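Working notes for the structure below.
Note that these values count all heavy atoms, side chains included, but never hydrogens, waters or copies made by symmetry. Since the structure is predicted, the reported quantities are computational estimates derived from the model, not experimental observations.
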Amino acid sequence: MSKEYTLTEEHRAQLKPWADKWIANAMSTDPMDSVDRDVMVATLKGQYEAANLPWHGRVVFVPSPFVAIFAAGFAACGWYLRKTFGDATRQAVNQAVNQATDQAVYQAVYQATEQAVNQATRQAVYQATEQATEQAVNQATSQAADQAVYQAVNQAARQATEQATEQAFNQATEQAVNQATRQAVYQATRQATEQATEQAVNQATRQAVYQAVNQATEQATEQAADQAADQAVN
């Protein structure tokens, strides 16, 4: 008995992405593009070839199932009447079919145009809004930057002024203190010098007077003693 095939972990990991892809494809309501139309035509032609039927090459694409109902109904009616009643009916049917086809094409073109206009309008509005927003943001940013620069410059100028004022005040104060100190030291030195000089002069004067008086006294005493001695001898 052969072993049944089991999914590998790699294959199991691919199940959900593939399921999501084809579910989204089945539920999609996006309009057909040129690639979708080419694939549809190739598929229809392949079905005719598989059934050994001649390919007629006529495929009409409509913008919605609602339009397809009317187009298919008119086409079926036209083919039936043309086959049953001949040329007169064929002309009437062709006219009706042409009108229905024109209407379907008109609706398709109208819807496509409306979608294009809406998309262009949304794009224009988006661009205008984005541009206006960008300008507003740039303007606000510029104003904020100017304000910030102004405040920074003002703050720097104020700080520089305060610092310069403080330095000038400190320098002037220091000069005034130094000047006053020098003046006080000079006056104190001068006064002390004058007092010391005066004391020295007074002391020297007193010393000189004392010595002179002492010397004069000694001389006078000596002379008096000599005189008294001479008188005593005589």
**Study point:** Worked verdict on Glu9 versus Arg12 for side-chain contact (heavy atoms from CB on, under 4.5 Å)
**Key:** CA-CA 5 Å; Glu9 294 299 326; Arg12 290 181 184 277; 4.1 Å; yes
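- The main-chain N or O of Ala24 is never found under 3.5 Å from a side-chain atom of Ser28 such that the two would form a donor-acceptor pair.
- Using a 4.5 Å cut-off between side-chain heavy atoms of Ile, Leu, Val, Met, Phe, Trp and Tyr, with links allowed through other members, Phe74 and Ile69 fall into different hydrophobic clusters.
- Under the 4.5 Å side-chain heavy-atom criterion for Ile, Leu, Val, Met, Phe, Trp and Tyr, Met40 and Tyr48 are members of the same hydrophobic cluster.
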Point to revise | side chain to side chain donor-acceptor pair (under 3.5 Å) assessment of Arg206 paired with Gln203 | key: CA-CA 5 Å; Arg206 286 194 297 272; Gln203 185 175 0; 5.6 Å; no
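- The environment of Gln219 atom CD is dense: over 12 non-hydrogen atoms of other residues, nucleotides or ligands sit within 6.0 angstrom.
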Point to revise | From CA spacing to verdict: side-chain contact (heavy atoms from CB on, under 4.5 Å), Val41, Phe61 | key: CA-CA 10 Å; Val41 172; Phe61 292 98; 3.9 Å; yes
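- In the hydrophobic clustering of this structure, Met32 groups with Val59; members are Ile, Leu, Val, Met, Phe, Trp, Tyr whose side-chain heavy atoms approach within less than 4.5 Å, directly or through other members.
- Listed by first and then second residue, the salt bridge (charged side-chain N to carboxylate O under 4.0 Å, His left out) pairs that reach into residues 18-36 are Lys16-Asp20, sequence neighbours excluded.
- Hydrophobic clustering (ILVMFWY, side-chain heavy atoms < 4.5 Å, transitive): Leu44 and Val39 are in distinct clusters.
- Contact check for Val62 versus Phe70: no side-chain heavy atoms found under the 4.5 Å cut-off.
- Side-chain heavy atoms closer than 4.5 Å link hydrophobic residues (I, L, V, M, F, W, Y) into clusters, and following such links, possibly through other members, connects Leu53 to Trp55.
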